[in-house]
Amino acid sequence: MAEIEKKPVGIMETVLRDAHQSLIATRMPTEVMLPIVDKMDKIGYHAVECWGGATFDASLRFLKEDPWERLRKLREGFKNTKLQMLFRGQNILGYRPYADDVVYNFVEKSIANGIDIIRIFDCLNDLRNLQAAVDATNKIKQTEGRGEAQVALSYTLGDAYTIEYWTNIAKQIEEMGADSICIKDMAGLLLPYKATELITAMKSVTKLPIQLHTHYTSGVASMTYLKAVEAGVDVIDCAISPFALGTSQPATEVMVETFKGTPYDTGLDQDKLAEIADYFRPYREECLKNGLMNTKSLGVNIKTLLYQVPGGMLSNMISQLKEQNAEDRYEEVLKEIPNVRKDLGEPPLVTPSSQIVGTQAVLNVLMGERYKVATDQTKDMLRGKYGQTVKPMNQEVIDKVIPGEQRFTSRSADAAGLTNEMDKLEDEMKQWKQQDEDVLSYALFPQVATDFFKYRQAQQEKIDIKAADTTNGAYPV
């Protein structure tokens, strides 16, 4: 029997971003991360995901931390490992499209502060909404010598999402100048043998490296990784065991052991990985005790395969129902989600489309009449302001929700009429600006960032008063 060629699979570690976003609502503070960085840096990961996604919002809003400062500290500690972030295409890390100058500035500052790989996705897989970020990354790479553009495809199921759909879009991604492709399976929908079929087909049409990202929500993720690696996938996203499984990723140590002694051997040291796990285990226990980690997010939810609902979307939906004292309507809402998704052109369910579909499904059930009330985001989706959906939207719903209104067929930034926003944004927040990056924080979350800037200023004033008290003999205020 011919020996199989050695093809070590790379491991991208998610504990500093997606793992804690999935299990503890992105609440891990920087102070918990920094003591373990040196040991993580010696593992030999393909990359460590540590920024982007919801970390930016959560840092400012809940942790009262500057996300840029977090990135700089992590970059200082990770001397040998590439750092990766998640980037929502034209939406950057926010919930609306931004002009190209804001996209360019954000990419530039992300790379300057320490990011190596930018994983760029769009909630509709509309590649027009990714091109500006890819172009920005490539332009900065030419001058700085750093920065990789990875285009992520939001994986989903439906009539339109055939193998031909995925192979065609993979070819387009290569043509648009990306460095690699990620299959982003945010709800754990990719089944093992489907992974074999998908990876084999995509590998036949593109020379770009392919990375696979999934969640354990439906219980199949480790098996999916096994079949994907055998089919030639280059990198898999994993989480160190205390923050693995449930709505997070498969465990790093388990996948390393699975491929040990095979042509796909990762080469990672289990003893060194055990030290990382030992560090995070007490923190996990603390999160369980204080309720930050909910045991509901740790098991297998097979309904994910039935309703295609990512873990974060489920938790949002449950809290919305709880606020309305309508938790008993949970099953009705679950059944309504596929109907709303179909009405809106069958988009993948990922931020922000997942929130749009989930919230609208809740309203449809609680109001007793479908689309009696529609959110502004649902209206914008129907107007075409988020971009092009794979299938046409339900005309009856369009006529009911936005009767007679103009609909857009351009990319999201053009539909919103956005050009050159940076000067205006800087002018709006100039009283708070201490670093160039503050303008970008404000651009994404104006109110949240302003609240953080006020908090930061108050903290600095306290430090100044304390310093004056100790050095000048001034009375404490």
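Ser412 and Gln90 form no side-chain donor-acceptor contact under 3.5 Å, judged by distance and modelled atom types alone. Asp179 and Gln150 form no side-chain donor-acceptor contact under 3.5 Å, judged by distance and modelled atom types alone. When only modelled atom types and interatomic distance are considered, Asp237 and Gln211 share a side-chain donor-acceptor pair under 3.5 Å. Gln84 and Asp116 are not linked by any side-chain donor-acceptor pair at a separation below 3.5 angstrom, with hydrogens and angles left out of the test. Of the N and O atoms on the side chains of Gln270 and Glu257, at least one donor lies less than 3.5 Å from an acceptor on the other residue. Residues Glu49 and Gln249 bring no donor and acceptor atom of their side chains to less than 3.5 Å of each other. In this structure, a donor-acceptor pair under 3.5 Å is present between the side chains of Thr156 and Arg341.
Under the ring-ring contact (aromatic ring centres under 6.0 Å, His included) criterion, Tyr155 pairs with Trp166, not counting sequence neighbours. Taking Lys433 as the reference, Glu426, Met429, Asp436, Val439 meet the side chain to side chain contact (heavy atoms under 4.5 Å, CB included) condition, with sequence neighbours excluded. Taking the side chain to side chain contact (heavy atoms under 4.5 Å, CB included) definition, one finds that Val448 meets it with Asp57, Leu60, Arg61, Phe445, sequence neighbours left out. Evaluation of the side-chain hydrogen bond (donor to acceptor under 3.5 Å, both in side chains) rule for Asp278 yields Arg281 as partners, not counting sequence neighbours. Residues that satisfy the side chain to side chain contact (heavy atoms under 4.5 Å, CB included) test with Cys123, not counting sequence neighbours, are Val350, Pro352, Ser353. Legend: residues meeting ring-ring contact (aromatic ring centres under 6.0 Å, His included) with Tyr165, ordered by chain and number and at least two apart, are Tyr161. In this structure Phe259 satisfies the side chain to side chain contact (heavy atoms under 4.5 Å, CB included) test together with Val9, Leu226, Val229, Ile236, Met255, Thr262, Tyr264, sequence neighbours excluded. Partners of Lys109 under the side-chain hydrogen bond (donor to acceptor under 3.5 Å, both in side chains) rule, at least two apart in sequence or in another chain, do not exist in this structure. Annotation: side-chain hydrogen bond (donor to acceptor under 3.5 Å, both in side chains) contacts of Glu65 (sequence neighbours excluded): Thr30, Arg70. Scanning for side-chain hydrogen bond (donor to acceptor under 3.5 Å, both in side chains) contacts around Thr224 gives an empty result, with sequence neighbours left out.
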Using side-chain hydrogen bond (donor to acceptor under 3.5 Å, both in side chains), reason through Thr359 and Gln320 one step at a time and then give a plain yes or no. CA-CA 8 Å; Thr359 303; Gln320 285 172 347; 3.0 Å; yes
Evaluate the side-chain contact (heavy atoms from CB on, under 4.5 Å) criterion for residues Leu273 and Val256: first the C-alpha distance (whole Å), next the side-chain angles of each, then the deciding distance (0.1 Å), finally the verdict. CA-CA 10 Å; Leu273 288 171; Val256 167; 3.9 Å; yes
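Of the possible donor and acceptor atoms, none in the side chain of Ser222 sits under 3.5 Å from a partner among the backbone N and O of Pro250. Of the possible polar contacts, none joining the Tyr442 side chain to the Gln447 backbone as a donor-acceptor pair under 3.5 Å is found. At least one donor-acceptor pair closer than 3.5 Å links the side chain of Thr252 to the backbone N or O of Ile240. Side-chain atoms of Ser297 come within 3.5 Å of backbone atoms of Asn294 as a donor-acceptor pair (strictly under, hydrogens ignored). A distance-only check finds a donor-acceptor pair linking the side chain of Arg75 to the backbone of Gly114 [under 3.5 Å]. In this structure, the side chain of Asn129 does not engage the main chain of Asp122 through any donor-acceptor pair within 3.5 Å. With Thr375 contributing its side chain and Thr378 its backbone, the two residues share a donor-acceptor pair below 3.5 Å. Distance alone, capped at 3.5 Å, is enough to place a donor-acceptor pair between the Gln21 side chain and the Ala54 backbone.
Aromatic ring centres of Trp68 and Phe452 lie farther apart than the 6.0 Å criterion allows.
Ion pair Lys424/Glu428 flagged as a salt bridge, since at least one NZ, NE, NH1 or NH2 atom sits closer than 4.0 Å to an Asp/Glu carboxylate oxygen. Salt-bridge check for Lys82 with Glu148: passed, with a basic side-chain N closer than 4.0 Å to an acidic carboxylate O. One finds a salt bridge joining Lys203 and Asp234 here, because a Lys/Arg side-chain nitrogen approaches an Asp/Glu carboxylate oxygen to under 4.0 Å. The pair Asp38-Lys42 meets the salt-bridge criterion, since a charged nitrogen lies less than 4.0 angstrom from a carboxylate oxygen. Salt-bridge check for Arg72 with Glu69: passed, with a basic side-chain N closer than 4.0 Å to an acidic carboxylate O.
Separation of atoms CZ (Arg284) and CG (Leu292) is listed at 12.5 Å; rounding is to 0.5 Å.
Side chains of His46 and Ile11 form no contact here, defined as non-hydrogen atoms less than 4.5 Å apart.
Listed by first and then second residue, the salt bridge (charged side-chain N to carboxylate O under 4.0 Å, His left out) pairs involving residues 87-106 are Arg96-Glu421, Asp100-Arg411 (not counting sequence neighbours). Applying the salt bridge (charged side-chain N to carboxylate O under 4.0 Å, His left out) test to pairs two or more places apart or on separate chains, those with a residue in residues 444-458 are Asp438-Arg456.
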